[in-house]
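Below is one structure, written out as structure tokens, with a few remarks after it.
Just so you know, ligand 1 is whichever comes first in the structure, and atom 1 is the first atom listed for that ligand.
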Amino acid sequence: MKDLWSISTAEHTDGKETIMRRGNVYQIANGYMGYRGTLDEFTSEQLVGITLAGIFDRVGPAWREPVNAPNGGFTSVSLGGAELSALGNKVTRHRQTLRFGNALFERQTSFAFKGTTLTVRSARFLSAETPNLGVIRFSITCSRAATVTVRTGIDGNIWDLNGPHLLGLAATRRDSVLFVEGRTNESSKRVAVAETADIDFGKVTYESRGNRSLRVVHLRAEAGTTYTFHKYFAVFTDNDAVRGSVAEAAIETVLQARSLGYEDCLARHGARWQEKWNRSDVTIEGDDEAQLALRYSILQLLMVAPVKGSANSIPARALSGQVYKGAIFWDTEMFMFPFFIHTYPEKAVELMRYRIKTLDGARRKAKTEGRGYRGAFYAWESQETGDDACTYYNIGDPSTGRALRTYFRDKQVHISGDVAIAMWDYFRLTGDDSLLLEGGAEVILECARFYYSYAYYKDEKRRYEILDVIGPDEYHERVNNNAFTSMVAKETFTIAIATVNHLRRRHPKELRTLLKKLRIEGELPAFRDAARRLFIPGADAKTGIIEQFDGYLGLRESSVKELKARMIHPDEYLGAGQGLAVPTKIIKQADVVMMLNLFRTRFSAEIKRANWEYYEPRTEHGSSLSACAYAMVAAEFGNLDFAYKYFLKTAKIDLEAKYKVYVGSVFMGGSHPAANGGAWMTAVLGFGGVHADEKRVAINPRLCRKWRRLQFHLAYKGDDFRMNITKNSVTVASSRANTRVHAVLVAGKPVKCSPGRPVTVRYRQAR
Ligand code: IFM
């Protein structure tokens, strides 16, 4: 039977791009840090990266980016004086594996040199229990007696796109604990790495050269004996709340881990992973390809979910490196948040706390952009302060080397509404209003205030309009009345009013304090007015088509093929002022279709179909965010084959790693957590047909052809459910620990679900 809980490869070829892609596919992470899927002996040349969440640095005028920690996982082996590398010519066998069950990376490589075969085996994980900790088991076996040297410790020679970020990197040792510490260049934050190992063979000496702190094991290996040791490394930074120094914290962490031992550390880590999968796994019967890809996507999301209490979010390229400035985009709220809110609300809350933490940055941005706005204009590319990391010239033209003016930063205003919608969803779907009181309501009101200051009131039409924006389709900049953006802005006004109403009923005192603090009470009638009279382009009465923005339908017809044929450079950017797509109807990614998906209960199946069919041939899918929106909308109006095609495209993106690596001349090779979230959404919300709102959960399944059974877990209003869907039945099992009876709507039929009493409803799947 096929193993649907791991991936593995025997590939070990050289070539920077292959190594880069494999580093993404086989990465592991634990929310605190990500460790690229590189091999023990690799160094900066092979793009080793231990990318830290929530700590950023800038060197000179280059981009600010997340900091990579010195590599505490480094080990290299020499046989008879020759250093062994999986990229060298001595490899006879290689296999590396990523195990989904506990996010464990393993490798086994055999090398032959002068008649001896030496086999290296290692396994590593980033602890799900102790986020600062990484643990590795390493072993060597020789076919004949041989002289072997093992160098293991911390390699400070790390991959940086725009570094070096750690100044004064100094390597030291305290007894058997190796230690490297440096300070970030911009804000002088300390980053400390400690490492220890339990080596009980050979003769050990120490080597500290520059930023490398290694222990050298000289061994006369006997034939057939396996020599195993365990390594423990810990990373701490000034962002960690520690009692003493970060150095002491790192040292203490590795010593504690070593005294626990590898097996115990692994068991604790494994238990945490078991909990994660219990809440989040989705099983598909009848389709192994989809099952593997979906599970891999879920693994990616679980690995990068922020650590409890960190108020960190998930960058657009997760923790797979410094790619894309480690920045947080709308990707998180619109594509990843749904997974967490439906399976793991404790993680969803961190994502929202991050937006609360960065509210002041959003306020600063509102004041300083364009004509100066009020409220909160969230960063298009957000780092730790919420100030915008997106530059005005954000894309390089690969032919001329010139930076191109893009308006992502100043005109992609839908970001604030995306945040407000997720914030409100957190309350609607968990029933927990504490976040609203802890800053969430303030975020929502400030977002509404921003839109009110951005909107124009057209007296002659007696309506508000949102002008001069970029919608999700980034090829058409500075457009008026973009349907998606206007819809999101309008929703923000509605949510702002609903927030005030809720607080007035439940927390009147806190509401008074908030309204006073923001001096916003006098603006509420205007928000109400805008919620009613903000213009949204409607569907054409005959065709059902919603015009993406004013004038879109008058643009030149073209095809993606035609534009590609006219490109001068393979990485040429199709937007940004002069781009080939700009005068045409070719769009980068789902835009109207994204709106139909986000507000899916507000549009009929006919409108969905009409717009899907119109926009689909005109969409380049130049963003990894696009395919899942098309998949979900196709599932809604019943084109399950198309839905499936786009589902697979989304779910396999990081597994196959065939995505584009450059946009213009900007390197973007990393993983795609938004697409991972899109895969989950398509499976559960699309094919599973789950729709939850503040009143109840509804399920209207539309299983695609191959799927015989779909099972998943759902969290709703503090309770847990397991759903079991076939082509003709739905079983809802309300967890025994649930606190109340829930009304669930199954294929249009209302049923009552009591704790511990599964309910099965038979239905006929809509064609
Ligand atoms: O947020 C997206 C955007 O919609 C398209 N370009 C890539 C960004 C990050 O994924």
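In terms of the salt bridge (charged side-chain N to carboxylate O under 4.0 Å, His left out) criterion, residue partners of Arg355 (sequence neighbours excluded) are, by chain and number, Glu333.
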Check ligand 1 for close polar pairs with the protein: N or O on both sides, less than 3.5 Å.
| unit_1 | atom_1 | unit_2 | atom_2 | d |
| --- | --- | --- | --- | --- |
| ligand 1 | 1 (O) | Trp330 | NE1 | 2.9 |
| ligand 1 | 1 (O) | Asp331 | OD1 | 2.6 |
| ligand 1 | 4 (O) | Trp330 | NE1 | 2.9 |
| ligand 1 | 4 (O) | Gln589 | NE2 | 3.0 |
| ligand 1 | 6 (N) | Glu474 | OE1 | 3.4 |
| ligand 1 | 10 (O) | Asp331 | OD2 | 2.6 |

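Between Arg363 and Glu442 there is a salt bridge, since at least one side-chain N of the basic residue sits less than 4.0 Å from a carboxylate O of the acidic one. A salt bridge does not link Lys564 to Glu572: none of the charged side-chain nitrogens sits closer than 4.0 Å to a carboxylate oxygen. Salt bridge present: Glu369 and Arg409 bring a charged side-chain N and a carboxylate O closer than 4.0 Å.
A heavy-atom distance below 4.5 Å is not found between the side chains of Leu574 and Ile586.
Cation-pi geometry between Arg478 and Tyr407 is met: under 6.0 angstrom from the ring centre, within 45 degrees of the axis.
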